Amino acid sequence: MERVVLVTGASGGVGLALCQRLLEEDGRIHLCIACRNVQKSEATRDLILATHPAAQVSTVEVDLGSLASILRAARELRCRFQRLDFVYLNAGIMPNPHVNFKALWHGLLTGKVLHMLTTAEGIMTQTDRLNGDGLQEVFATNLFGHFILVRQLQSLLCGNEKPSRLIWTSSSNARESAFSLSDYQHAKGQESYSSSKYATDLTSVVLNRKFNTQGLYSSVVCPGLVMSNMTYRILPVFLWKLLMPIMWLVWLFKQKPEYLDSLAKYHSCTSGLGKCYVEPRKMDVDEDTAEKFYQKLLELEEQTLEKYRDLLD
Ligand SMILES: NC(=O)C1=CN([C@@H]2O[C@H](COP(=O)(O)OP(=O)(O)OC[C@H]3O[C@@H](n4cnc5c(N)ncnc54)[C@H](OP(=O)(O)O)[C@@H]3O)[C@@H](O)[C@H]2O)C=CC1
Ligand SMILES: CC(C)CCC[C@@H](C)[C@H]1CC[C@H]2C3=CC[C@H]4[C@H](C)C(=O)CC[C@]4(C)[C@H]3CC[C@]12C
């Protein structure tokens, strides 16, 4: 039976590129794209089929900022599929981004410029707000909505013949100092994006602890700086185009000499001898904090799903 792959945030940017790439790697998969509404789902499906006409692509509507929508989508997926092999938890937002140009300028003059330009540490803030479920929107969309989706899809992800995998799109902007267990939704600070991505890293770590024995494995990835609607909301397109030569220089400086081989093809995978093509980095995550955070997520799940009893099985 073909492998079933679910991708959230498939309508553009990283998610759409990921869908195209997955089909290039294996045209036999069943790709289920999760988008916010029917129009987006169908437009995305048409775009994918234009380049991969023989692909099996289905759609599901889910607004990750709405618990009711997530519960409906999960119910629909449980009816449609017997298992899910890969779930890419990719949808994400960074509302009202603000660049601190003073800090940026200061950073450009220091030795930490590469670190600053690849992690945005100290130069980006956002303003968040409450969503319809009374949750901080960035936390809800980037992390909690996905967490609820995974919990609701547990029966399709656990106990299968082959292991299933969750792949979270995290970010190099994830930072421990932006996250606090006492304000894990980041209602008080101005780095909700960074906090939500650190929360993502913690969640992935703890999900492995809880679910590896049931055949579910979780990992996080950072796609690097990608030109998408998200980045075009930070700076206008023309400015990014002007900055491109600088970004290329940054990229070049970040490469190890062996990466500059123009004949090399880079696959994000591991060879039979264990050699990795993409450099792994250890996450700055403490397992004890991850466990405490998990308990808080479970408590929040219980509180928030209380009013949606009719949508639960
Ligand atoms: N761009 C970058 O440089 C980087 C991005 N990332 C991460 O990559 C992921 C994808 O971002 P990117 O492609 O750049 O940004 P885009 O804004 O282009 O894409 C975001 C995707 O998420 C979807 N989405 C947003 N909110 C919701 C919601 N409430 N419910 C369902 N879907 C939603 C969007 O759908 P819709 O079309 O309906 O808005 C869209 O498909 C994010 O998690 C982001 O944090 C990580 C590191 C760097
Ligand atoms: C080249 C400079 C002179 C001008 C660009 C300044 C900033 C607007 C951008 C510099 C670094 C960028 C970012 C880095 C990390 C990204 C992160 C991985 C992510 O998940 C989302 C986008 C970034 C925060 C991105 C945003 C713009 C920069 C801060």
Side-chain angles (χ1 to χ4, degrees), residues 7-19 33-41 43-44 47 60-67 69-70 73 88-95 97-101 103-109 112-126 131-133 135 137-146 148-149 167-175 178 191-201 220-236 239-251 253-254:
V7 179
T8 71
S11 63
V14 175
L16 180 60
L18 170 66
C19 291
I33 51 173
C35 299
R36 248 194 269 215
N37 57 47
V38 187
Q39 288 82 356
K40 286 210 177 189
S41 298
T44 307
L47 261 176
V60 63
E61 275 71 63
V62 58
D63 177 348
L64 285 148
S66 153
L67 292 170
S69 166
I70 296 164
Y88 287 88
L89 303 155
N90 165 75
I93 52 168
M94 184 199 272
H98 176 78
V99 181
N100 181 341
F101 285 98
L104 174 71
W105 180 242
H106 188 258
L108 288 176
L109 304 174
K112 285 194 164 180
V113 60
L114 276 184
H115 177 76
M116 181 185 75
L117 292 179
T118 47
T119 64
E121 183 169 344
I123 53 172
M124 281 227 66
T125 54
Q126 304 86 34
N131 72 4
D133 291 310
L135 302 169
E137 194 179 25
V138 177
F139 162 81
T141 311
N142 295 3
L143 175 79
F144 192 61
H146 283 122
I148 296 295
L149 185 67
I167 302 99
W168 301 78
T169 311
S170 181
S171 167
S172 58
N173 188 242
R175 240 185 26 263
E191 292 179 282
S192 50
Y193 181 80
S194 188
S195 168
S196 75
K197 293 298 178 182
Y198 188 76
T200 300
D201 294 355
V220 285
V221 295
C222 171
L225 181 56
V226 179
M227 291 304 119
S228 67
N229 286 339
M230 183 179 279
T231 37
Y232 294 144
R233 269 180 229 117
I234 299 171
L235 293 180
L239 212 52
W240 278 116
K241 294 233 150 79
L242 280 175
L243 288 169
M244 221 35 104
I246 304 177
M247 300 315 273
W248 271 105
L249 271 181
V250 171
W251 182 81
F253 279 120
K254 261 191 76 66

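These numbers come from the heavy atoms of this one structure, side chains and all, not from hydrogens, waters or symmetry mates. The model shown is predicted, which means the values in this text are computed figures rather than measured ones. When a ligand or atom number is given, it counts from 1 through the structure's own listing order.
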Undergrad: Would you call the rings of Phe139 and Phe144 parallel, tilted or perpendicular, taking 30° and 60° as the class edges?
TA: parallel
Undergrad: May I ask you to test the Leu225-Trp240 pair for a side-chain heavy-atom distance under 4.5 Å?
TA: yes
Undergrad: In terms of atom number and element, which parts of ligand 1 are under 4.0 angstrom from non-hydrogen atoms of Gly9?
TA: 21 (C), 22 (O), 23 (C), 41 (O)
Undergrad: For ligand 1, is there an N or O atom under 3.5 Å from any N or O atom of Val226?
TA: yes
Undergrad: What atoms of ligand 1 come within less than 4.0 Å of a heavy atom belonging to Ala91?
TA: 22 (O), 23 (C), 24 (N), 32 (N), 33 (C), 43 (O)
Undergrad: Does any non-hydrogen side-chain atom of Arg36 lie less than 4.5 Å from one of Asp63?
TA: yes
Undergrad: Determine, stepwise, if the pair Ser69 / Glu61 fulfils side chain to side chain donor-acceptor pair (under 3.5 Å).
TA: CA-CA 8 Å; Ser69 166; Glu61 275 71 63; over 6 Å; no
Undergrad: Please state which option from Gly92, Ser170, Pro95 has its nearest heavy atom closest to atom 46 (C) of ligand 1.
TA: Ser170
Undergrad: About how many Å separate OH of Tyr198 and OG of Ser170, when rounded to the nearest 0.5 Å?
TA: 10.5 Å
Undergrad: Taking the minimum heavy-atom distance to atom 26 (N) of ligand 1, which of Glu61, Arg233, Arg36 ranks first?
TA: Arg36
Undergrad: Tell me if a side-chain donor or acceptor on Gln126 pairs with a main-chain N or O of Ser192 at a distance below 3.5 Å.
TA: yes
Undergrad: In the protein, what heavy atom is nearest to atom 31 (C) of ligand 1, and what distance, to one decimal place, separates them?
TA: Val62 O, 3.3 Å
Undergrad: Under 4.5 Å between any side-chain heavy atoms of Met94 and Thr231, yes or no?
TA: no
Undergrad: Ligand 1 and Leu225, any nitrogen or oxygen pair closer than 3.5 angstrom?
TA: no
Undergrad: Just so I know, are the side chains of Ser11 and Leu16 near enough to count as touching, which here means a heavy-atom distance under 4.5 Å?
TA: no
Undergrad: Heavy-atom contact under 4.0 Å between Gly224 and ligand 1?
TA: yes
Undergrad: When you compare ligand 1 with Val14, is there at least one nitrogen or oxygen pair between them that comes in under 3.5 angstrom?
TA: yes
Undergrad: What protein heavy atom is closest to atom 12 (P) of ligand 1, reported as residue, atom name and distance in Å?
TA: Ser228 OG, 3.4 Å
Undergrad: Of all the non-hydrogen atoms in the protein, which one sits nearest to atom 41 (O) of ligand 1, and at what distance?
TA: Ser11 OG, 2.7 Å
Undergrad: With sequence neighbours left out, write down each residue that passes salt bridge (charged side-chain N to carboxylate O under 4.0 Å, His left out) with Arg175, or none if nothing qualifies.
TA: Glu121, Glu191
Undergrad: Tabulation required: pairs of a nitrogen or oxygen in ligand 2 and a protein nitrogen or oxygen under 3.5 Å; columns are atom names and distance to 0.1 Å; otherwise 'none'.
TA:
| unit_1 | atom_1 | unit_2 | atom_2 | d |
| --- | --- | --- | --- | --- |
| ligand 2 | 20 (O) | Ser171 | OG | 2.7 |
| ligand 2 | 20 (O) | Tyr193 | OH | 2.7 |

Undergrad: Nearest 0.5 Å, please: how far is CH2 in Trp168 from OG1 in Thr200?
TA: 6.0 Å
Undergrad: Are the side chains of Met116 and Leu108 in contact, using a 4.5 Å heavy-atom criterion?
TA: yes
Undergrad: Any atoms of ligand 1 less than 4.0 Å from a non-hydrogen atom of Gly65? List them with their elements.
TA: 29 (N)
Undergrad: Can you find a heavy atom in the side chain of Asn131 that is under 4.5 Å from one in the side chain of Ser66?
TA: no
Undergrad: Is any side-chain heavy atom of Tyr193 closer than 4.5 Å to one of Ser171?
TA: yes
Undergrad: Considering all heavy atoms of both residues, which atom of Leu143 and which atom of Ser196 are nearest to each other, and what is their separation?
TA: CB-O, 4.3 Å
Undergrad: Nearest to atom 8 (O) of ligand 1, what protein heavy atom do you find, and at what distance?
TA: Thr169 CG2, 3.2 Å
Undergrad: Got the closest protein heavy atom to atom 6 (N) of ligand 1, with its distance?
TA: Tyr193 OH, 3.6 Å
Undergrad: For atom 18 (O) of ligand 1, which candidate among Thr118, Thr141, Asn229 provides the closest heavy atom?
TA: Asn229
Undergrad: Identify the closest protein heavy atom to atom 43 (O) of ligand 1: which residue and atom is it, and at what distance?
TA: Asn90 O, 2.7 Å
Undergrad: Which option wins on minimum heavy-atom distance to atom 16 (P) of ligand 1: Lys40, Lys197, Met230, Met94?
TA: Met230
Undergrad: Which one of Thr8, Asn142, Asn90 satisfies the side-chain hydrogen bond (donor to acceptor under 3.5 Å, both in side chains) criterion with Thr169?
TA: Asn90
Undergrad: Please list, in number order, the atoms of ligand 1 under 4.0 Å from a heavy atom of Gly13.
TA: 13 (O), 18 (O)
Undergrad: Name the closest protein heavy atom to atom 19 (O) of ligand 1, giving the residue it belongs to and the distance to 0.1 Å.
TA: Gly12 O, 4.4 Å
Undergrad: At under 4.0 Å between heavy atoms, is it the side chain or the backbone of Ile93 that contacts ligand 1, or both, or neither?
TA: side chain
Undergrad: With rounding to the nearest 0.5 Å, note down the distance linking CD1 in Ile123 to CG in Leu104.
TA: 5.0 Å
Undergrad: Measuring from atom CG of Asp133 to atom CG of Leu67, what distance do you get when rounded to the nearest 0.5 angstrom?
TA: 4.0 Å
Undergrad: Starting from atom 29 (N) of ligand 1, which protein heavy atom do you reach first, and at what distance in Å?
TA: Asp63 OD1, 2.9 Å
Undergrad: Of all the atoms in ligand 1, which lie at a distance below 4.0 Å from a heavy atom belonging to Leu64?
TA: 28 (C), 29 (N), 30 (N), 31 (C)
